[in-house]
Amino acid sequence: MAETENRPTNFIRQIIDKDLAAGLHQQVKTRFPPEPNGYLHIGHAKSICLNFGIAEDYQGSCNLRFDDTNPEKEDISFVNSIQKDVRWLGFDWQGEPCYSSGYFDQLHKYANELIDKGLAYVDFSTHEQMRELRGTLTEPGKNSPYRDTDVATNQREFAKMTAGEYAEGQCSLRAKIDMSSPFMCMRDPVIYRVRFAHHHQTGDKWCVYPMYDFTHCISDALEGITHSLCTLEFQDNRRLYDWVINNISIDCTPRQYEFSRLNLEYTVLSKRRLIQLVDEQHVSGWDDPRMPTIAGLRRRGYTAGSIREFCKRIGVTKMDNMVEMGMLEACIRDDLNVNAPRAMAVLDPVKIVIENYPQDKTETLQAPNHPNDESMGAREITFSREILIEAEDFREEANKKFKRLVTGKEVRLRNAYVIKAERVEKDDEGNVITIFCTYDDQTLGKDPADGRKVKGVIHWVDAAAAVPAEFRLYDRLFTVPNPAAEENFVDVINAESLTVKQGVVERTLSTASVDSGAWQFERTGYFCCDKDSTTDKLVFNQTVGLRDTWAKIANS
RNA sequence: UGGGGUAUAGCCAAGUUGGUAAGGCAGCGGGUUUUGAUCCCGUUAUUCGUUGGUUCGAGUCCAGCUACCCCAGCCA
């Protein structure tokens, strides 16, 4: 797609420019470090575009690293989906993916170094005791009774911990820093805990697992990361990040910089909530087209390019933000408007009989695949006496604003003739079943010779050649802009976020599949085949509708 | 007076030696159009959270104030 030309400029790139100018690094190295406990979402895309984008533009490199220090929450299926999604977005990492768990041996060695230096101790306090001694935001904490245990004892106890001689929760390894620090994370943080859990990478080798704060900075250093980019909530943790790096024997000094995470209106972007939506089956799965996950957006019909463009447009700052859905939608429309061939589909069909058109005649008409791009060619569509149009495109009477088919008036059939509605046939309940029309056989590819103006144009499908299809239309998943701010976000799930319609598409789409790409169904929106689609039963997802100024007029 | 952060249009966001407010999305007005789409043209902050100060001149420097976000997991 036509992504905006100029390279992004943001405060992180400015820092890198300065570092490079100062000769601090030969090469920039970043990393994208997801925890494999869920699927990637559009917020991760922001981080991916930032980290991999910087690596590309500065001719450096970016690692993919699974931050897998909590085996209980993680799963191999997520490490697979994450790799797939990063690649799909158009990025690739240097060499094999990295794993924090791949550094467990070294991490353990560094923990021992801290113990040897008298900078870490094994604490047998319970969770409750630890919490009580931690103090509060405004009051300093108090030292644990185990804080002054001698080095030799700590060495022995940590070895026993590692050997599985203590139960989960019975003890933990803590860094000895400062119980009165204004940074809560510096009040002797736990750096190793006991977990008798099977790890998806290391199996049952370990029963002690390092904590994030201890692991992340060391992993960065081991990989030679120069700029470690994370989100704002880790700003305080930076003090601990630097403390660890400064107190162990490691020569690399990665720097952490924080940017604000993405918030998108009418959806949620926290792993916890997305997991809940899936587990409680409020959606069909991680790839439900209403989900803000990469898998969901992909199934919905969003292209990788449109997501990259979105990330470029929203920028990277430290400001809390709440981006409008319209921003994302504009990106996919810009892409598909240029790249999606046009076709005609009728989502809610009503029959038209053209009474002055020969009973047994069928014409083949040419329809351009793109109104502004001849290189996309044309396709053949058939026209005959009976056609289907959108029910909402007909009214028995209407004012002049309604530029569609009205009894007694004319309208242009897209790529075909001008027709005039003469009368209707209704069922017992008063629903219009058939609209009887006449057509002007002199209006194919040209305006009426007598100069009369026909304002409206509507789409249609030849009834005899129509292929039945299901259309799934999506609305926002939540009824409020910021569901995360709600007491219980599941209470504001939009019950009408999915609308299914049974209609028809033109014959040329009969072989459509999930690999066929996108179409613009003229006057309706952009669609792609769902993975549920088969040759017997076509199923289309509406990616996004066309901009609809008529809706504004009609609703005002 | 716990600490760490952030405040530029409805939303996102440029603005880096102080020199007189980019751009995108949305909106509004008009033109083209066999998609009420696209495209095109025009328009949208005398003002940068607020109050003072320094200065010939401040979004940019200084001081005070206010609002919002994050931190008290053996989660990340």
Side-chain angles (χ1 to χ4, degrees), chain A residues 4 6 9-11 14 18 33-35 37 67 69-70 72-73 123 125-127 130-131 134-141 168-174 180-187 189-195 209 211-213 215-216 230-239 258 260 262 265 271-272 312-331 333-334 337-338 342 344 368 370-372 401-404 412-416 418 443 445-447 454-459 520-525 545-554:
Chain A
T4 50
N6 27 338
T9 165
N10 58 53
F11 77 100
Q14 288 169 5
K18 282 196 185 102
E35 181 185 14
N37 67 340
D67 211 347
T69 56
N70 188 353
E72 293 171 318
K73 291 186 174 179
D123 195 326
S125 300
T126 62
H127 293 243
M130 228 184 256
R131 193 185 331 117
R134 186 149 37 226
T136 68
L137 295 177
T138 54
E139 303 159 35
E168 288 185 13
Q170 190 176 166
C171 60
S172 61
L173 182 69
R174 293 228 261 169
S180 61
S181 171
F183 295 98
M184 296 302 290
C185 67
M186 297 296 268
R187 319 246 265 226
V190 169
I191 57 176
Y192 259 93
R193 78 285 217 181
V194 177
R195 272 307 99 95
Y209 291 94
M211 300 288 288
Y212 164 85
D213 286 302
T215 307
H216 206 91
C230 64
T231 44
L232 251 28
E233 64 271 26
F234 293 101
Q235 288 176 116
D236 286 0
N237 300 247
R238 187 174 66 243
R239 278 73 190 184
E258 310 86 9
S260 55
L262 169 67
E265 284 191 342
K271 283 269 191 75
R272 192 208 106 210
K312 191 175 293 178
R313 290 187 190 181
I314 59 174
V316 176
T317 68
K318 300 178 81 135
M319 285 194 254
D320 291 324
N321 60 76
M322 180 64 75
V323 177
E324 294 174 343
M325 264 304 175
M327 189 82 94
L328 219 206
E329 293 174 344
C331 293
R333 285 197 187 104
D334 281 356
N337 174 50
V338 172
R342 314 284 117 132
M344 292 200 282
H370 195 112
N372 313 320
K401 283 184 184 172
F402 188 78
K403 307 192 310 191
R404 306 182 188 189
R412 157 77 63 182
L413 290 176
R414 177 75 168 154
N415 299 128
V418 168
T443 55
K446 57 191 177 191
D447 288 330
V454 178
K455 256 291 172 71
V457 179
I458 62 173
H459 56 98
Q520 182 199 96
F521 291 161
E522 289 189 287
R523 299 212 314 130
T524 302
L546 256 29
R547 260 182 85 243
D548 190 357
T549 47
W550 162 246
K552 289 173 195 160
I553 299 167

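Residue numbers begin at 1 in each chain, while the letters A, B, ... track the order of the sequences. Only this structure's heavy atoms are used, side chains among them; waters, hydrogens and symmetry mates stay out.
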Interatomic distance where [atom1] belongs to [X] and [atom2] belongs to [N] [whole Å]:
X        : N     : atom1 : atom2 : answer
A/Leu546 : B/U35 : CG    : P     : 11 Å
A/Phe183 : B/C71 : CZ    : C1'   : 10 Å
A/His127 : B/A72 : NE2   : C1'   : 15 Å

Self-check item: pi-stack flag for A/Tyr212 and B/A76, centroid dist under 5.5 Å, interplanar under 30°
Solution: no

Self-check item: Is_stacked (A/His459, B/U35) at 5.5 Å, 30 deg
Solution: no

Practice problem: Verify the contact: side-chain N or O of A/Arg239 to OP1 or OP2 of B/G5, cut-off strictly under 4.0 Å; return yes or no. | Solution: yes

Quiz prompt | Presence of A/Arg238 side-chain N/O under 4.0 Å of B/G3 phosphate oxygens OP1/OP2 | solution = no

Quiz prompt | Assigned glycosidic conformation for B/G73 [threshold 90° from 0] | solution = syn

Practice problem: Identify whether any heavy atom of A/Phe11 sits under 4.0 Å from a base atom; if not, whether one sits that close to sugar-phosphate; answer base, sugar-phosphate or nothing. | Solution: nothing

Quiz item: On a whole-Å scale, what distance lies between the P atoms belonging to B/A7 and B/C61?
Solution: 12 Å

Self-check item: Closest listed nucleotide, where the reference is the side chain of A/Met319 and the choices are B/U38, B/A13, B/G73
Solution: B/A13

Quiz item: Who does B/U35 pair with, Watson-Crick or G-U, both distances under 3.5 Å?
Solution: none

Quiz item: For B/G2, which nucleotide in any strand shown is its Watson-Crick or wobble partner with both distances under 3.5 Å?
Solution: B/C71

